[in-house]
Amino acid sequence: MGIKGLSKLLAEHAPRAAVKRRVEDYRGRIIAVDASLSIYQFLIVVGRKGSELLTNEAGEVTSHLQGMLNRTVRMLEAGIKPVFVFDGEPPEMKKKELAKRSLRRDDATKDLNRALEIGDEESIEKHSKRTVKVTKKHNDDCKRLLRLMGVPIVEAPGEAEAQCAALCENHQVYAIASEDMDSLTFGARRFLRHLTDLGYKKSPVIEFEVSKVLEDLGLTMDQFIDLCILSGCDYCENIKGIGGQRALKLIRQHGCIEEVLQNLKQTRFSVPEDWPYLEVRTLFKEPNVCTGIPDFVWTSPDSEGLMDFLSTENSFSPDRVTKAVEKIKAASDRYSPGRLNRLTSVASLQGPHIDKVLQEKI
DNA sequence: CTCAGCCA
DNA sequence: TGGCTGAGG
């Protein structure tokens, strides 16, 4: 779940760090997207009727494919060059948190069964959403889909979030798109929220720049990381009674967790036993990520492969697949730089939208 | 979530 | 046009 209350804390204490932008501002930019988080959202919401999701003829869930296909086509149409980053092994520090989540899913499953017996539709849906877990198959399906679409993917050795931040740090991507605030803690220079879910609702993209966050909070990056650990993160327990507000005050006052702990001794706040803040700090500062990833390429979609995978294997309507392929090709024709010299003629054929692209390129 | 179709 | 609704597999 990222960092507890960080988004609210920044809204209050670093209002200048978040800037509203339009999707068009990212035309031509390479954006890293946390794939696993997207898949989770799709399983929560796409094609859901009570506890049922979209499935193929074999009864296997296809909501993640539907979501990934639509959203990726949409990004390409907006001229964005997406790179999807997949989770690898979770860090040892996160095992406790994952165990907790697994228990919560068990509880949800019990609640769901009770709701199913009673036939209470509202709570069937609510509890069913709480049982959602992203499996290896979901991930593999989406990797295969993206490869067929010609969209690059990265398989992170550890947390996708951390890998995204590293790509941004190495200037291999312009920004990272996620809803998870710990992107900032991992040091992503530019971090976008709501890049994915605009379209119909007109909520703007919110861009955070880590340098502005630090400036507004008056903290160094090391202090910001300590603030996040104190506020509560996925990797260790938090101190009861200390949330974002107190954490910020304490870090501003004492400068680092070591000093904060010294001063907390004569207060009512008690630090959990074996509180591994040092390891967590290292995890944020030196996460398990790949470097030296070759430059990304977006290739033309494999239309036959997509037809096989989506239509034959997963019961998508062939018409839908054909349309998606056409959209991907059209987007690549519009935005690939090599074809810029042809835009004048294309512009007259395809109307004002292309004119706008042309003006911006010139 | 995203799309298509319908209607004010 | 823009908001609402139902469907997608």
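Just so you know, these numbers use all the heavy atoms, side chains as well, and skip hydrogens, waters and symmetry mates. Within every chain, numbering begins at 1; the chains are lettered A, B, ... in the order of the sequence lines, protein sequences first and strands thereafter. On a predicted model such as this, the values are computed, not experimentally measured, just so you know.
Identified under the ring-ring contact (aromatic ring centres under 6.0 Å, His included) test for residues 213-271 of chain A, with sequence neighbours left out: A/Y235-A/F284.
You won't find any donor-acceptor pair under 3.5 Å spanning the side chain of A/T62 and the base of C/dG9, going by distance alone.
Taking the six-membered ring where tryptophan is involved, the planes of A/W298 and A/F296 are perpendicular, since the angle between them exceeds 60° and thus also 30°.
Closest to the A/R71 side chain, of the nucleotides C/dG9, B/dA4, B/dT2, is B/dT2.
In this structure, CG of A/D319 is placed 20 Å from P of B/dT2, rounded to the nearest angstrom. Distance CD (A/E179) to P (B/dC1): 10 Å, rounded to an integer number of Å. Separating the NE2 atom of A/H64 from the C1' atom of C/dG9 is a distance of 12 Å, rounded to the nearest angstrom. When rounded to the nearest whole Å, the span between CG of A/L65 and P of B/dT2 equals 15 Å. One atom, CG of A/L69, and another, C1' of B/dC1, lie 12 Å apart when rounded to the nearest Å.
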Under 3.5 Å, which donor-acceptor pairs link side chains of residues 239-249 of chain A to any protein atom two or more places apart or in another chain?
unit_1: A/Q245; atom_1: OE1; unit_2: A/H13; atom_2: NE2; d: 2.9
unit_1: A/Q245; atom_1: NE2; unit_2: A/E12; atom_2: OE1; d: 2.6
unit_1: A/R246; atom_1: NH1; unit_2: A/G241; atom_2: O; d: 2.7

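The environment of A/E92 atom CD is sparse: at most 12 non-hydrogen atoms of other residues, nucleotides or ligands sit within 6.0 angstrom. Annotation: A/E57, atom CD; neighbour count of heavy atoms from other residues, nucleotides and ligands within 6.0 Å does not exceed 12. Within 6.0 Å of the NZ atom in A/K95, the count of heavy atoms belonging to other residues, nucleotides or ligands exceeds 12. Around CZ of A/R252, the count of heavy atoms belonging to other residues, nucleotides or ligands within 6.0 Å exceeds 12. Heavy-atom neighbours of A/K94 NZ from other residues, nucleotides or ligands within 6.0 Å: above the threshold of 12.
Annotation: cation-pi geometry satisfied between A/K143 and A/F86 (NZ/CZ under 6.0 angstrom from ring centroid, within 45° of ring axis).
A heavy atom closer than 4.0 Å to some atom of DNA chain C occurs in no member of residues 138-152 of chain A.
Note on A/L53: a base of the nucleic acid sits closer than 4.0 angstrom, heavy atoms only.
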Dump every N/O contact between nucleotides 5-8 of chain C and the protein below 3.5 Å, one line per pair.
unit_1: C/dG8; atom_1: O6; unit_2: A/G47; atom_2: N; d: 3.3

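For A/F84, there are no ring pair (Phe, Tyr, Trp, His ring centres under 6.0 Å) partners two or more places apart in sequence or in a different chain.
A/T55 contributes atom OG1, which lies 10.0 Å from atom CG of A/N314 (distance to the nearest 0.5 angstrom).
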**Intra- and interstrand pairs of DNA chain B - dot-bracket, Watson-Crick/G-U under 3.5 Å, | marks other strand** = ||||||||
